Amino acid sequence: MTRYIFQRLIYMVITMFLIATLTFFLMKFLPGTPLSAADKLSEEQQAVVLEKYGLDDPVPVQYFNYMVGLAQGDLGISFQFDNREVTNIIMERIGPSMQLGIQAMVIGTIIGMLLGLVSAIYHNGPLDYTSTFLAVLGQSIPSFVFAGLLQYYIGVKFGWFPVALWEGWEYTVLPTVSLAIFPIAIAARFMRTEMLEVMGSDYIVTARAKGVNKFGVVFKHGLRNALIPLITVLGPLAVGLMTGTLVIENIFAVPGIGEQFVKAINMNDYPIIMGTTLLLAFMFIFIILIIDLLYGVIDPRIRLAEGE
Amino acid sequence: MDNHKPSKDLFVPVDTTNDESDKITRPSLSFWQDSFIRLRKNVGAMIGLFVLIILTVMAIFGPYMNEYGEYDQDLSRSKMPPKVEGLGWLGMDGMLTDVQSADTLERAQEKALMRFNNQDEFIETEVLNDGSNGEKAEVQATYDVYAAKGMEENFWFGTDGLGRDQWTRTWIGTRVSLYIAFLAAAIDMLIGVTYGGISAYYGGRVDNYMQRFIEILVGIPNLVLVILMILILEPGILSITIALAIAGWISMARIVRGQILKLKNQEFVLASRTLGAKDNRILQKHLIPNVLGLIIINTMFSIPSAIFFEAFLSFIGLGLPTPMASLGTLINAGFQSLQIYPHILLFPAIIISLIMIAFNVLADGLRDAFDPKMRE
Amino acid sequence: MEKLLEVKNMHVSFDTYGGEVKAVRGVNFDLNKGETLAIVGESGSGKSVTTKALMQLIPQPPGRIKEGEILFEGRDLAKMSEKQMQKIRGKEISMIFQDPMTSLNPTMKVGNQIMEGLIKHQKMNKTQARQRVVELLELVGIPDAENRMKQYPHQFSGGMRQRVVVAIALACNPKLLIADEPTTALDVTIQAQILELMKDIQKKTDSATIFITHDLGVVANVADRVAVMYAGKIVEVGTVDDIFYNPKHPYTWGLLGSMPSLDSDDEELFAIPGSPPDLLNPPKGDAFAARNEYAMKIDLEQEPPMFKVSDTHYAATWLLHENAPDVDPPAAVKKRMEGMAKTSDNSKGERV
């Protein structure tokens, strides 16, 4: 198991290296430098600015410096935003994004699982049809459309929760719900399918033949076996949430990474774009690793196969 | 019980050699006929298909159904509410309503009228709460925008902040979404299937290299890849197309490869080979028909996610550049005046939701129809 | 002898899109304490459904017990609620399933799977239950029980898993053990081991057993009595000797004739032509008539009642009617019956 984790970590480093390299060179092709904001600088002033960003070095040197900085957690200096360090900006803004993402993920998967479970237990009943229908809606309607509905009805019309900004837990409600809709829908549909399949398997009959009651059959024998495949969708869901935060943070004016990222795109602030991109890539790869490890914890077949 | 005394002459042997017990009584259907019948029985999928057809027709002809062009700006008619003759009961009556509350009834009246620039003759007020019960007084004002501006013609979906016709722009935006749908399907079919097919068919070293390449691509999140591509190229329909082409085919390639590898070693293929079937025949009669269902299902599922992706990119400003209409940019514009003019957001939001639901439901239906496990 | 189980006129149907599939169409049999009854028949003859229905384990819907009584020690299982059945399943009646690869929960330790019933039915605490699990594992021939009980099913071979399944079934000393083709999914050598185990357990415990199989060789080995099922009905029932040495129903002849043996070298197998009828629309008259070379006109019109051959032996075929012509079983089948002097003289039955 340790060897397996170690191996995976090495792969992770290699992938990150490739992504960082790719990002760096793509950025080199982009139009615009920190100078474009202040075109009317003299030659000397331009040279000063370029030197400040290390842009006067040859590209290989820049690349080397960038990679060394990256290894130390230094993502460079922002072109805009008062020339602050990108790492600092990200660290400052990662809190709200993480909070939203985690809240949406936890709420989404738990509610989704429960919906799916109810659907499977009352298979082909009215509860099943209702929850399946809702899941199709949740899966189809884009999160920013949902966010608009929530903002207009819950926020503006009824005034139950604040429409925007970030000043306390009640401010997290609408963005969290907007983000959670998609995981709820996906988890519910997946859970339903898996649970139906598990409940039709032979070992469920064995359990019933032992005299285990319905509760025990569903939760002790069914749920765990249905949860294993559910883990496979957690990865895509987490990635979906990362995508979702980009828009949701904008709609609800949440001071998170996503909001910053969109601003940076509009301002051609490449160090921030690059830093955020790398962060997204890192989280993506990290989540996939965690999920693979989680698999081993839940499924004894995999755990032992790795141990041997 | 009549069989207590059966007649004697019944006890004579009968000939059972023309045995009919082996006869198959149900009509034999090919895989496609069978799947198609099942699909047709799926009410949800049929509704989805119907909605898609309607939306496509509207996307093609909708923009020509009135005289307003996609870019016709006129600030004098900005943010007009939707008005359709006969659909007033749906709220498409060209009126704006607002509720104002204040401590006294007079103050509330005043605020309600002020809300619509005191154009008294076009405003009807209605007292919802005269404040006599200790609560705040509430007055609802209804403002006939079309009369106030002397508009003769109607804007069915209203207008946006620059006075452009939302009806025309919404259907133009729908065209973009449907183009993306077509594009995603084409990319999946052309690149994904070919890549996966070649990888699995040739196997060995070719497969090995092709799979390593895919692994690298898979390691990079789609979103990151697309954003990088769009930053390099100028935002626009071309860069979205290229971005989708780079990122959109990977899962299809993997699925096709996996399926063909699995099928290649299955016994019915081996059986066919031992009977002397040529590669070509195996490919045509065994591999392709068995993978095709899966390809169709997977394509159908990648379409809504591609549509979402385009809308999402346009929404955050990486998609179509500003004057152009896409459902994503329209929705983004709608957010800017959501509190007062929700209609600007409403129609593109409804249309994109309909497209997404229709494609998802149709994809579900196709999966159920093609999935052999579901067969009775 | 005391009757443990009495099944009277049981009908089981499944409601499918195509219509009602009548899987079991009026089955009658009984079982004495400590006795082993084998139910044999082709796939789809309704043997599994019959026994699953006894424990109310058929999925409902689409399945349902349409009519009939299942008297277990005088109580009618067919009328019991799910709650009442939970107290009977695993405690008084338990079941061994066909495929050990799928009938154990893959994410639960083997010991816990055996313990579940003990804790539920015998109110044991964990320590007592664990003690009993070790005993059970030793009883079914799993060495190193202390360690093995902490392992997961995938760490066991097929034969070992089936032993675990047997241990689960035996955990609470059930009065009735139903074994649903317990050896079909196993290798031949392992089959023999499991059969030996089953016989051994029959000796050690006094459970009555219903043994479902399509393998007549197994039947001769383990059963006291045999019931032959065809198209959802029992067509012949008798002691092992009755069925093997004096079979009366042409379908039983077919089953015997299609069983290869090592005794003679000039052997010719007797194959039953055709395939079982579609139970969505069961044929009129005798369901076997279409495949029966001895079929008579009446077979196509009326269902044969049970005819009594001897006190222990009954068969449902018009050939036993007084008006029927005398027919001989096919040569291949006769050969098998030859050498056994026990053949009853009375070749005509008396209707019951």
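Remember, it's a predicted structure, so these values are computed and weren't measured experimentally. Within every chain, numbering begins at 1; the chains are lettered A, B, ... in the order of the sequence lines, protein sequences first and strands thereafter.
- Neither the backbone nor the side chain of A:L278 comes within contact range of chain B, judged by heavy atoms closer than 4.5 Å.
- Only the side chain of B:D364 comes within less than 4.5 Å of a heavy atom in chain A; its backbone stays farther off.
- Of the possible donor and acceptor atoms, none in the side chain of A:R192 sits under 3.5 Å from a partner among the backbone N and O of A:G116.
- Classification of the A:F144-B:F315 ring pair by plane angle, with boundaries at 30° and 60°, yields parallel.
- The number of heavy-atom neighbours closer than 6.0 Å to CE of A:M67, taken from other residues, nucleotides and ligands shown, is above 12.
- Between A:F182 and A:F146, a ring centre-to-centre spacing not shorter than 6.0 Å is recorded.
- Residue A:I181 holds its CD1 atom at 12.5 Å from OG of A:S140, rounded to the nearest 0.5 Å.
- With a threshold of 4.5 angstrom between heavy atoms, B:I357 approaches chain A through its backbone and through its side chain.
- By number of non-hydrogen pairs under 4.5 angstrom with chain A, the leading residue of B:F308, B:F312, B:F359 is B:F312.
- Chain B forms the most heavy-atom pairs under 4.5 Å with one residue out of A:Q139, A:M274, A:M242, and that residue is A:Q139.
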